[in-house]
Amino acid sequence: VSIQDLSSQTVYSMTTDKQGFVWIATRNGVDRYDGISMRHYHLGNSQMRTMRSGLTTTIYCDSEGRLWAYTERSIIYCYDKKTDSFVEVFNMPDYQLWGSAQALWCKGNTLIVGATDGITLFDISSRTVTHRLCPDENIHIFSAYNDDQIFFGCDRGIGILNIDEQRFIIHEDWVRYEVKALYYCTKEQRLWVGSNGNGLFIVDPKAPQDAIHLANTGGM
């Protein structure tokens with residue numbers, strides 16, 4: 001595949017699906033690579049914006065194999081195999097929600113959106129916003145914890161969201177910095193935490209006081 005086959009030279013995120021396709025989110029939409037060729041998908045009824053007014057697009061594959069794409073303008077799409085296209089599922093501004101989407105999680109019919117103005121729980125079947133949580137928080141990222149809970153990173157540190165009970169708690173004492181990256185290793189039961197300007201932390205959720213801080217003191 002030639003680099004010219006990409007719909008844009010600006011790539012924001014990538015993922016793979018259960019069929020082995022590689023999905024690439026770019027400034028001009030989403031590209032799918034099947035090992036031989038690239039196929040281009042536009043989000044919405046028109047092409048994405050030019051570089052001057054372009055917007056960040058993120059691709060995400062949930063635990064059920066559904067493929068999602070969302071933009072910083074908080075419009076969320078799901079890939080429909082029947083039509084081979086991305087279909088709009090949740091347009092947050094239509095619900096008077098103006099925060100910029102930065103993280104996505106889906107469990108069953110519950111779509112969870114982390115944005116610059118907190119967490120929104122959206123019921124896909126009824127097309128209704130069921131809950132708004134921590135609206136004053138800037139949510140950067142989600143990571144799986146167990147069947148009922150997910151971690152989230154925000155400006156104040158690490159939070160845990162209980163999806164079924166629709167409640168959350170923020171643990172400011174775990175990592176007292178803005179959290180931009182999260183990965184929970186189920187085998188080791190350790191949470192890897194990337195901060196904004198303060199290095200990397202490894203946290204045991206059952207003993208967070210023993211967190212390991214990895215920082216490069218020689219650079220910015």
State, to 0.1 Å, how close [X] and [Y] come at their nearest heavy-atom pair, and which atoms those are.
X: Ala101; Y: Ser74; answer: N-OG, 2.9 Å
X: Glu72; Y: Thr56; answer: OE1-N, 2.6 Å
X: Val30; Y: Ala69; answer: CG2-CB, 4.1 Å
X: Leu6; Y: Met38; answer: CD2-CE, 3.9 Å
X: Cys61; Y: Thr15; answer: CB-OG1, 4.0 Å
X: Asp62; Y: Tyr60; answer: CB-OH, 3.4 Å

[Y] and [X], any side-chain heavy atoms less than 4.5 Å apart:
X: Ile139; Y: Cys154; answer: yes
X: Glu165; Y: Asp148; answer: no
X: Ile160; Y: Ile150; answer: no
X: Phe151; Y: Ile158; answer: yes
X: Ile59; Y: Tyr79; answer: no
X: Leu43; Y: Thr57; answer: yes
X: Thr110; Y: Gln166; answer: no
X: Tyr184; Y: Gln189; answer: yes

- Message: Looking at Gly199, is its backbone amide N or carbonyl O close enough to the side chain of Ser195 to form a donor-acceptor pair, meaning the two atoms are under 3.5 Å apart?
- Response: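 Yes; judged by distance alone, with no hydrogens or angles, the pair exists.
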Is it the case that one hydrophobic cluster holds both [X] and [Y], taking links as side-chain heavy atoms less than 4.5 Å apart, direct or via other members?
X: Ile119; Y: Ile169; answer: no
X: Ile75; Y: Trp68; answer: no
X: Leu67; Y: Val89; answer: no
X: Phe21; Y: Tyr41; answer: yes
X: Tyr145; Y: Ile141; answer: yes

Mind checking the [atom1]-[atom2] spacing from [X] to [Y]? Nearest 0.5 Å is all I need.
X: Lys18; Y: Arg66; atom1: NZ; atom2: CZ; answer: 10.0 Å
X: Arg132; Y: Thr120; atom1: CZ; atom2: OG1; answer: 3.5 Å
X: Thr130; Y: Leu121; atom1: OG1; atom2: CG; answer: 4.5 Å
X: Asn28; Y: Ser7; atom1: CG; atom2: OG; answer: 5.0 Å
X: Phe142; Y: Leu161; atom1: CZ; atom2: CG; answer: 7.0 Å
X: His131; Y: Asp123; atom1: NE2; atom2: CG; answer: 11.5 Å

- Stepwise ring pair (Phe, Tyr, Trp, His ring centres under 6.0 Å) test for Phe90 and Tyr70: CA-CA 9 Å; Phe90 183 25; Tyr70 61 97; over 10 Å; no
Counting only pairs under 3.5 Å, give me each side-chain donor-acceptor contact of residues 171-181, with atom names and distances, residues two or more places apart or in other chains.
from	atom 1	to	atom 2	distance (Å)
Glu172	OE2	Arg156	NH1	2.5
Glu178	OE1	Asn196	ND2	2.8
Glu178	OE2	His140	NE2	3.0

- Query: What about the rings of Trp105 and Phe152, do their centers lie closer together than 6.0 Å?
  - Reply: no
- Task: Run the salt-bridge test on Asp17 and Arg32 with the 4.0 Å N-O cut-off and return the result as yes or no.
- Result: no
- Task: Using a strict 4.0 Å threshold on nitrogen-to-oxygen distance, state whether Asp147 and Lys107 make a salt bridge.
- Result: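 No, no charged N to carboxylate O under 4.0 Å.
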- Message: Checking Ile124 against Cys78 for the side-chain contact (heavy atoms from CB on, under 4.5 Å) test, could you report, in this order, the C-alpha distance in whole Å, the side-chain angles of both residues, the deciding distance, and whether it holds?
- Response: CA-CA 11 Å; Ile124 300 170; Cys78 188; over 6 Å; no
- Message: Let's go through Val113 and Leu104 carefully: what are the C-alpha distance in whole Å and the side-chain angles of both, what is the deciding distance for side-chain contact (heavy atoms from CB on, under 4.5 Å) to 0.1 Å, and is it a yes or a no?
- Response: CA-CA 5 Å; Val113 183; Leu104 196 68; 3.7 Å; yes
- Message: Before you tell me yes or no, could you show the steps for Thr10 and Thr26 under side-chain contact (heavy atoms from CB on, under 4.5 Å), namely the whole-Å CA-CA distance, both residues' side-chain angles and the distance that decides it to 0.1 Å?
- Response: CA-CA 6 Å; Thr10 300; Thr26 77; 5.9 Å; no
Side chains of residues 200-215: which donor-acceptor pairs under 3.5 Å do they make with residues two or more places apart or in other chains?
from	atom 1	to	atom 2	distance (Å)
Asp204	OD1	Lys206	N	2.9
His213	NE2	Asn198	O	2.6

